[in-house]
Amino acid sequence: MHYLVVNPVAGRGRARLSYKTVQAFFENKGWPLSTFFTKHPKQATGYVKGLPHNATVLVLGGDGTLNEVAAACVNTERVLGVLPAGSGDDFAYALGIPRNNLAAALEVVERNATRIIDMGSVNGQTFINAFGVGFDADVAYNLSDAPTFLKHKAAYYYTLLTTLRGLKCSPVTVMVDGAAVYQGPALLVACQNGPRTGSSFLFAPEAQLDDGLLDIVVAGSLNRLETVALVPQVAKGKHLNHPKVLVFKGRDVRLEWTRPKPGHMEGELLVPNTNFNICLQAQSLRILAPT
């Protein structure tokens, strides 16, 4: 038995439109499929927690829905499968599953090859791909205000430019595995399990899902012009040599901001806080992945 969690509004309706294709695939194979449609945030976590301990749970949605399902699969025998249909699908990118090729994602399900990967947690909440505080979280916060006619990358770039108007770098202390690695104003701090976030930005191009380490990217005090110039470099993963960009690797991270800042996990916002404690949970999630 496979279980399918569908977020019908993911990808501005792309997941809902893809459901019939997934349903037809299982019918053609003669495989039983139990489907659950989410109606509000965090609902998927409770549903999956009620499934058998060794269930295979497929997610037809985006990174936010994956995050919710992964929270119920971490440190269990449940296996997570990814059918990307969101606005960013950054975790699918990390796995090597194409976001606009549902047939390829279903082939991964059919092959049933399992990989064990790392997860992260921040202040007790798990994340599967990325956590960040600063400019990228501000962009995530403002993304809902983008005009509805703008899709995917266009909506993100629009929001990025509008967020620049209120740009302000706040002081932060960054601790990695007990050592203070940065103190001062920062545009953002990103803790990456996978290489990409925001649908097209390679914050940590060398990040691996199963290397037992988080990639911590600190962008220091940048003004508007410097930020604008850096954005296309981040999209290409060519920003790591910038003098105001620092990269560290570690398992335990502590961020201490001088004023409350919102954070985000997979683009989903966390309430503003001054302290964020991030920990890696190595080899804690079973997932279907390309061979």
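We're numbering straight along the sequence, starting at 1.
Put simply, the side chain of Cys73 reaches to within 4.5 Å of the side chain of Val48, judged on heavy atoms. For the pair Glu266 and Phe127, the minimum side-chain heavy-atom distance is below 4.5 Å. In this structure, the side chains of Phe91 and Leu209 come closer than 4.5 Å at one or more pairs of heavy atoms. The shortest distance between side-chain heavy atoms of Val228 and Leu164 falls below 4.5 Å. Between His264 and Leu270, the closest side-chain pair of non-hydrogen atoms is not below 4.5 Å. The shortest side-chain heavy-atom distance between Leu83 and Val109 falls under the 4.5 Å cut-off. Counting heavy atoms from C-beta on, the side chains of Pro32 and Met1 come closer than 4.5 Å. Side-chain contact check for Ile278 versus Arg254: every heavy-atom pair is 4.5 Å or farther apart.
A continuous path of hydrophobic side-chain contacts links Phe25 to Leu60 [ILVMFWY only; heavy atoms under 4.5 Å]. Cluster membership for Met175 and Leu188, using ILVMFWY side-chain heavy atoms within less than 4.5 angstrom, is not shared. Criterion: ILVMFWY side-chain heavy atoms under 4.5 Å apart, direct or through other members. Under it, Leu255 and Leu246 are part of a common hydrophobic cluster. Note: the hydrophobic cluster containing Met265 does not contain Val74 (ILVMFWY, side chain heavy atoms under 4.5 Å, direct or indirect links).
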Kindly indicate, with the supporting measurements, whether the criterion side-chain contact (heavy atoms from CB on, under 4.5 Å) is fulfilled by Thr274 and Arg259. CA-CA 6 Å; Thr274 55; Arg259 64 184 183 90; 5.5 Å; no
Show your reasoning for whether side-chain contact (heavy atoms from CB on, under 4.5 Å) applies to Phe135 and Thr163. CA-CA 8 Å; Phe135 184 69; Thr163 304; 3.6 Å; yes
Under the criterion ring pair (Phe, Tyr, Trp, His ring centres under 6.0 Å), I'd like the reasoning laid out for Phe37 against Tyr19: C-alpha separation, chi angles, the key distance, then a yes or no. CA-CA 10 Å; Phe37 290 87; Tyr19 168 63; 5.1 Å; yes
Please lay out, stage by stage, how Arg111 and Thr291 fare under the test side-chain contact (heavy atoms from CB on, under 4.5 Å). CA-CA 8 Å; Arg111 291 172 185 167; Thr291 55; 4.2 Å; yes
Would Thr159 and Leu161 satisfy side-chain contact (heavy atoms from CB on, under 4.5 Å), going step by step from the backbone distance to the final call? CA-CA 5 Å; Thr159 307; Leu161 291 173; over 6 Å; no
Salt bridge (charged side-chain N to carboxylate O under 4.0 Å, His left out) for Lys42 and Glu68? Distances and angles first, verdict last. CA-CA 6 Å; Lys42 308 301 181 185; Glu68 293 183 22; 5.3 Å; no
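For Lys236, the NZ atom counts as loosely surrounded, since its 6.0 Å shell holds 12 or fewer non-hydrogen atoms of other residues, nucleotides or ligands. Around CD of Gln23, the count of heavy atoms belonging to other residues, nucleotides or ligands within 6.0 Å exceeds 12. A 6.0 Å sphere centred on CZ of Arg224 holds more than 12 heavy atoms belonging to other residues, nucleotides or ligands. Counting heavy-atom neighbours within 6.0 Å of Asn241 CG, excluding the residue itself, gives a total of 12 or less.
Screening Val231, Val247, Val234 for a side-chain contact (heavy atoms from CB on, under 4.5 Å) involving His239 leaves a single residue, Val234. Each of Val176, Leu214, Leu213, Ile216 was scored for a side-chain contact (heavy atoms from CB on, under 4.5 Å) with Lys249, with one residue passing: Leu213. Exactly one of Ile97, Leu58, Leu80, Val57 qualifies for a side-chain contact (heavy atoms from CB on, under 4.5 Å) with Leu288. That residue is Leu58. A salt bridge (charged side-chain N to carboxylate O under 4.0 Å, His left out) with Arg196 holds for exactly one of Asp136, Asp90, Asp63; it is Asp90.
The aromatic ring centres of Phe276 and Phe131 sit less than 6.0 Å apart.
The pair Arg115-Asp210 meets the salt-bridge criterion, with a side-chain N (NZ, NE, NH1 or NH2) lying under 4.0 Å from an Asp/Glu carboxylate O. Remark: Glu27 does not engage Lys29 in a salt bridge, criterion side-chain N to carboxylate O under 4.0 Å. Salt bridge annotation for Asp89-Arg14: present, with a cationic side-chain nitrogen under 4.0 angstrom from a carboxylate oxygen.
Note that CG of Leu33 is 8.5 Å distant from NE2 of His2, once rounded to the nearest 0.5 Å. Here the CD atom belonging to Gln281 is positioned 10.0 Å from the CZ atom belonging to Arg251, to the nearest 0.5 angstrom. Taken from OG1 in Thr45 to CG in Asn67, the straight-line distance is 7.5 Å, to the nearest 0.5 Å.
Residues Pro290 and Leu95 approach most closely at CD-O, 3.5 Å, considering heavy atoms. Gly237 and Pro205 get closest at one heavy-atom pair: O-CG, 3.8 Å. Arg78 approaches Leu51 most closely through the heavy-atom pair NH2-O, 3.0 Å. Contact between Cys169 and Ser221 at its shortest, heavy atoms only, is SG-CA, 4.0 Å. Between Tyr182 and Gly220, the shortest heavy-atom contact is OH-CA, 3.5 Å. Taking all atoms of both residues into account, the shortest heavy-atom contact from Phe203 to Val217 is O-CG2, 3.5 Å.
In this structure, Trp31 and Phe26 have perpendicular ring planes: the angle between them is above 60°, well past the 30° mark.
Inspection of the Thr114 and Arg286 side chains reveals no N or O donor paired with an N or O acceptor under 3.5 Å.
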